Amino acid sequence: MEEKTKIKKPLKRSLILGSVFTVVILCLTVESIGISIFRGTIQSNYETYIQDLLNFTMTAIDADDLEQCIETLTPSEKYNKLQKLLNTIKETHEIDSIYIILPLSTEKKDNMMNIMAGVSEYERNNMPENITHLGKLTGETYPPETVSLYQSGMNRRKRVTFFRTNFKKFNDSYIGVKPILNSRGIPIALLCVDIAMSELKNSIADFALLNLIGLILSSGILLFVIIRWLKKHIILPINALEESISNYAADAHDAKTSSELTLIKPEIIHSHDEIESLADSIVLMSEDLKTYMESMLNASSKVENLKKYINQVDELTFKDTLTSVKNKMAYEKAKKRLDWDIINHNAKLSLVMADLNYSKNINETYGHEYGDSYIQKACKMICNTFQHSPVYRIGGDEFLVITENEDLTNCKTLVETLKKEASITYNDNALQPWEKISLAIGVAYYNESLDSSIDDIFKRAHKEMIKDKALSKSL
């Protein structure tokens with residue numbers, strides 16, 4: 001009996017200690033995976049959020065006008081409008097600051113020039129000394145190593161650069177910068193957006209705390225169940241259960257998604273006693289941990305709000321507000337794909353350019369309201385004709401259609417149909433002048449021997465459109 005007692009005590013102690021160790025490793029693994037996934041998701045969305053703000057703001061900047069303001073240190077009308085936009089963005093978005101700055105040198109003093117910065121209503125009323133003025137030098141505000149980061153952003157051309165700064169005069173910030181290029185492609189200043197790192201840290205800390213509390217509670221229940229029911233020492237089922245938990249911990253360590261965190265009860269445990277109940281409880285608890293981890297990640301309101309906002313900014317960025325078709329920025333984006341197809345000799349397309357005749361006369365004679373109606377009706381006619389192709393408004397009264405596949409095959413017929421529809425309205429004396437559509441149309445098909453880029457096709461289509469416009473005005 002004494003010999004059996006000596007055997008039972010070490011077994012019980014080793015089983016309890018092993019179970020505690022396994023559960024702790026499991027909790028730490030799940031905790032680290034959860035925090036890692038959450039941190040990566042939050043940081044990625046912050047970068048997307050900053051990049052979309054920069055791209056959206058860039059659409060409102062006249063770089064040549066801003067360059068003139070920097071050279072003369074005199075604000076223009078466009079400068080003042082841009083200042084109002086930055087103020088609105090600062091007031092309505094969850095950012096620390098949005099500003100335009102010009103790196104000058106890496107000296108300790110006066111190494112940066114302030115161009116403008118968004119100011120909230122609170123700052124205007126309570127902190128007027130913090131308001132930035134055009135041409136104001138920054139003194140010793142920026143350390144040389146920080147200025148070097150901004151200068152590297154100036155050299156990235158159209159790309160957004162992200163970096164983190166933490167110096168005593170400012171909060172720990174995550175910064176995105178994008179160079180402002182003039183019409184010659186030369187960077188003249190940096191557009192910058194700062195977000196406090198404290199927001200990112202607080203989000204991660206809140207998630208980690210909630211996750212840790214849940215894991216502690218779950219592991220406490222799990223350990224209680226293990227200690228309560230480890231009264232019968234059946235070595236084989238216990239070893240099998242311990243091995244299953246260890247495998248689960250190893251799998252959890254390498255898991256990339258919560259769906260991989262699954263614990264399966266060993267087939268050897270069918271004793272219908274405390275051992276099997278323990279195994280069932282562990283499996284159930286692992287499912288609870290998995291569900292808890294999924295719910296915490298999916299329930300992040302900040303991530304969801306950021307996604308919604310990003311979608312709204314994308315829509316504003318690439319959609320023409322008057323006609324609801326794609327805008328010139330959307331065309332610039334499409335050009336990258338088409339140029340890649342041309343480089344790889346996979347391009348099959350044509351460009352149809354349509355320019356509205358007499359739109360200036362309608363605007364001057366009847367007003368912009370009817371001028372806009374004229375543009376909208378012409379756009380609708382183009383869209384109804386080219387139903388399978390993207391339509392872009394690339395100028396005030398200029399539209400571009402990229403035809404591929406079915407519309408490319410029928411391009412000639414579709415162009416004739418469009419001209420016929422426009423001619424019917426133009427010759428209908430019952431219609432008002434802004435209801436009579438007159439179009440000058442140019443078409444250019446991709447020719448491998450002539451075209452090295454989409455711009456080559458565009459130039460030929462534009463040339464054909466100019467010919468058609470001259471012909472229509474001569475009739």
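Here the structure is a predicted model, which is why all the values come from computation and not from measurement. Counting from 1, the numbers follow the sequence of the chain as shown.
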side-chain contact (heavy atoms from CB on, under 4.5 Å) assessment of S389 paired with I402: CA-CA 6 Å; S389 299; I402 301 174; 5.9 Å; no
Test item: T138 side-chain N/O and M112 main-chain N/O as donor-acceptor pair under 3.5 Å: yes
Neighbour count >12 (heavy atoms, 6.0 Å) for atom NZ, K377: yes
Inter-residue atom distance I50.CD1 - N45.CG, 0.5 Å rounding: 11.5 Å
V391 side chain reached by T323 side chain, heavy atoms, under 4.5 Å: no
OH on Y46 to CD on E94, rounded to 0.5 Å: 7.0 Å
Approximate separation, where rounding is to 0.5 Å, of L338 CG and D455 CG: 10.5 Å
Nearest heavy atoms of E91 and S120, plus distance in Å: OE1-CA, 3.2 Å
Derivation and outcome, side-chain contact (heavy atoms from CB on, under 4.5 Å), residues I454 and L349: CA-CA 10 Å; I454 191 67; L349 69 129; 3.7 Å; yes
CG on L356 to CG on L439, rounded to 0.5 Å: 5.5 Å
Chi angles and distances behind the side-chain contact (heavy atoms from CB on, under 4.5 Å) call for V325, Y392: CA-CA 6 Å; V325 297; Y392 303 85; over 6 Å; no
Neighbour count above 12 (heavy atom, 6.0 Å) for H388 NE2: yes
Heavy-atom closest contact (Y445 atom, R460 atom, distance): O-NH2, 2.6 Å
Where S148 and T106 come nearest, the two heavy atoms and their spacing: OG-CG2, 3.7 Å
Shortest non-hydrogen contact from I180 toward A63: CG2-CB, 3.8 Å
Ring pair (Phe, Tyr, Trp, His ring centres under 6.0 Å) evaluation trace for Y374 with Y366: CA-CA 11 Å; Y374 182 61; Y366 303 100; over 10 Å; no
Any donor-acceptor pair under 3.5 Å from D468 side chain to I441 backbone: yes
Exercise: identify the closest heavy-atom pair between L137 and L104: CD2-CD1, 3.7 Å
Pairing of K78 and D62 as salt bridge, 4.0 angstrom limit: yes
Any T57 side-chain heavy atom under 4.5 Å of L86 side chain: yes
Worked verdict on I95 versus D194 for side-chain contact (heavy atoms from CB on, under 4.5 Å): CA-CA 6 Å; I95 59 175; D194 295 2; over 6 Å; no
Test item: E123 side-chain N/O and I131 main-chain N/O as donor-acceptor pair under 3.5 Å: no
Side chains of Y49 and I195 in contact at under 4.5 Å (non-hydrogen atoms): yes
V443 side chain reached by E464 side chain, heavy atoms, under 4.5 Å: no
Note: E121-R124 ion pair, threshold 4.0 Å (strictly below): no
Distance-only donor-acceptor check, side chains S453 and D339, under 3.5 Å: no
Side chain proximity check, R393 to C379, heavy atoms < 4.5 angstrom: no
Straight-line distance of N363 CG to D372 CG, nearest 0.5 Å: 7.0 Å
Heavy-atom side-chain contact between F458 and Y331 under 4.5 Å: yes
Minimal non-hydrogen separation, K326 against A330, with atom names: CB-CB, 3.7 Å
More than 12 heavy atoms from other groups under 6.0 Å of NZ on K335: yes
Check: I115 and M113 side chains under 4.5 Å, non-hydrogen atoms: yes
Sidechain-backbone polar pair: S44 side chain, T41 backbone, donor-acceptor under 3.5 Å: no
E145, CD atom: more than 12 neighbouring heavy atoms under 6.0 Å: yes
Working for side-chain hydrogen bond (donor to acceptor under 3.5 Å, both in side chains), residues Q151 and N155: CA-CA 7 Å; Q151 287 182 330; N155 299 326; over 6 Å; no
NZ-CZ distance between K178 and F162, expressed to the nearest 0.5 angstrom: 10.0 Å
Side chain to side chain donor-acceptor pair (under 3.5 Å) partners of N80, counting only residues at least two apart: none
Check: N346 main-chain N/O paired with D341 side-chain donor or acceptor under 3.5 Å: no
Side chains of D407 and L414 in contact at under 4.5 Å (non-hydrogen atoms): yes
N-O pairing of K81 and E77 below 4.0 Å: yes
Parallel, tilted or perpendicular: ring planes of Y150 versus Y142, cut at 30 and 60 degrees: perpendicular
Backbone N/O of N361 and side chain of E364: donor-acceptor pair under 3.5 Å: no
